[in-house]
Protein chains: 2
Amino acid sequence: MSKSETKSDQHKEKILKISREMFAKNGYEATTTRMINQAAGTAEGLMYYYFPHGKHEILNTIVHQGIINRVNQLQMTFNDCVTKTDLEQRLMLIFENIWQVFQDKENYQSFVITIHERMLLSDDQADWLLQILEGLVDEIAQQLKAAPVLQSISKGQYRPLARVIVSIFQKVIYDELLIKNNRQLTDEMKNLIRPQLSVVLSI
Amino acid sequence: MSKSETKSDQHKEKILKISREMFAKNGYEATTTRMINQAAGTAEGLMYYYFPHGKHEILNTIVHQGIINRVNQLQMTFNDCVTKTDLEQRLMLIFENIWQVFQDKENYQSFVITIHERMLLSDDQADWLLQILEGLVDEIAQQLKAAPVLQSISKGQYRPLARVIVSIFQKVIYDELLIKNNRQLTDEMKNLIRPQLSVVLSI
DNA sequence: GTCTATAAGAAGATAGAC
DNA sequence: GTCTATCTTCTTATAGAC
């Protein structure tokens, strides 16, 4: 957790780092413990010293660490917007903020692993994603409620609207990170998102 | 393709069916050729008669068949809507139509496999998803353009709006099918989607 | 903590009989 | 077309020296 790692912990971290990379790139089952040990430069037996339950314990550790890290890094500050352009820009920034989280290699890799190896994980381990997204809906709903420009819409519409906005973000993230294997935020992507935000805010 | 299968083709189909089930449930790598042969009730060697390139050829066949089937079954007819409630109901039906496609076991399984085994597939094989979704955006944009109720919005907003609607659908499908492992369309889900459609159509 | 060596079994694939 | 038998390689995991 902290930077004060003993020399031995460095080996453990190395094994985790290599495993994360290989699981994300080639999949959990396709990655053998030998490949991990070789790439990590550690001996065959050492892995079982740090992870007595073997390969699957490494997977669980990676997924768990991933949850913690992404939640921690997804914190963002909100402040009120007075115009619709203001609000649109704010939401765009929120998206870029989320995207930024996945620029971190570890976060990206553990996310990909969590989706791809869904069948090897518990429901709890997979559920984090939905919970984070629900939290995001809450925060954006708050943001919308606080915006003077949107006072016209009825009280019950804030959450559905927030949900729509999260859907817009989520589609881009899934399409790019999971299908296209793209981690670069291009102008093309932004130019696709912005009109969508614009149209849903024009109510 | 047709129903006039020779007896031998039945064995091939059996192998594909069993493989599809096992790949979807346990993953491609975790499923061994022995498990497939045993469950299919066919001998060790026979698999290589039908699929000379082995296990990976089975995967490719499943993914390819999945694309074809889902595209074919996703055809739907549109006709004009005169009121916003009309339009909202129409879009709801479109969603239920898409959902229905995944009620077909084969379609569901090949979809899950395509996402989970992304790293084993070519970019072309993964790209189908995005192309289908783009096609859906087109169709919904047409639908919106034809709706007398929405004549007020500017010409350039139909596609962004259609994109938003597809995002709403896509989020539900991904969350339920991939994360929650749920294939049942509940009232709760419908009651989450409807207000979102309502709010984006209230422009 | 870290190493080497190896057990014990399972993997994908093939050869060749019928 | 379908089968049995088997080859070769690789897998996870452990035992035990240092």
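Numbered from 1 within each chain, the chains take letters A, B, ... in sequence-line order. Bear in mind the structure is a predicted one, so any value in this text is a computation, not a measurement.
Within 4.0 Å (heavy atoms only), B:Gly45 reaches at least one base atom of the nucleic acid.
For B:Tyr108, the ring pair (Phe, Tyr, Trp, His ring centres under 6.0 Å) test picks out no residue, with sequence neighbours left out. Every residue two or more places apart in sequence or in another chain that forms a side-chain hydrogen bond (donor to acceptor under 3.5 Å, both in side chains) with B:Glu176 is listed here: B:Lys180, B:Asn182. Remark: B:Lys25 engages no residue in a side chain to side chain contact (heavy atoms under 4.5 Å, CB included) (not counting sequence neighbours). For A:Lys145, the salt bridge (Lys or Arg N to Asp or Glu O under 4.0 Å) criterion is met by no residue, not counting sequence neighbours. Evaluation of the ring pair (Phe, Tyr, Trp, His ring centres under 6.0 Å) rule for B:Tyr158 yields no partner, not counting sequence neighbours. Checked against ring pair (Phe, Tyr, Trp, His ring centres under 6.0 Å), A:Phe51 has no partners two or more places apart in sequence or in another chain.
Taking atom NZ of A:Lys55 as the reference point, atom P of D:dT14 lies 15 Å away to the nearest angstrom. Spacing between atom CD of B:Glu57 and atom P of C:dA13 amounts to 10 Å, rounded to whole angstrom units. When rounded to the nearest whole Å, the span between CG of A:Leu59 and P of D:dT12 equals 13 Å. One interatomic measurement links the two molecules: CG of A:Leu46 to C1' of D:dT14, which rounds to 14 Å at whole-angstrom precision. Nucleotide D:dC3 holds its C1' atom 11 Å from the NE2 atom of B:His11, rounded to whole Å. One interatomic measurement links the two molecules: CD1 of A:Ile15 to P of C:dG1, which rounds to 13 Å at whole-angstrom precision. For the pair B:Tyr49 OH and D:dT2 P, the computed distance is 7 Å after rounding to whole Å. If you take CD of A:Glu29 and C1' of D:dC10, they are 14 Å apart, rounded to a whole angstrom.
Listed candidates were D:dA5, D:dC3, C:dT4. Nearest to the side chain of A:Ala43 is C:dT4. Comparing atom distances between the A:Glu44 side chain and each of C:dT4, D:dG1, C:dA13 picks out C:dT4 as nearest. Taking every side-chain heavy atom of B:Tyr48 into account, C:dA13 is the closest of D:dC3, C:dA13, D:dG1. When distances are taken from the side chain of A:Thr42 to each of C:dC3, D:dT2, C:dG1, the shortest belongs to C:dC3.
Here the side chains of A:Arg118 and A:Asp123 are in contact, with some heavy-atom distance below 4.5 Å.
The stretch residues 178-203 of chain B participates, sequence neighbours left out, in no ring pair (Phe, Tyr, Trp, His ring centres under 6.0 Å) pair at all.
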## Note on the structure
Intra- and inter-strand pairing of DNA chain D, written as dot-bracket with Watson-Crick and G-U pairs under 3.5 Å and | for the latter, reads ||||||||||||||||||

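Of the residues in residues 30-41 of chain A, those lying under 4.0 Å from DNA chain D by heavy-atom distance are A:Thr31, A:Thr32, A:Thr33, A:Arg34.
Ion pairing between a basic and an acidic side chain is recognised when a charged N comes within 4.0 Å of a carboxylate O; B:Glu88 and B:Arg194 show no such pairing.
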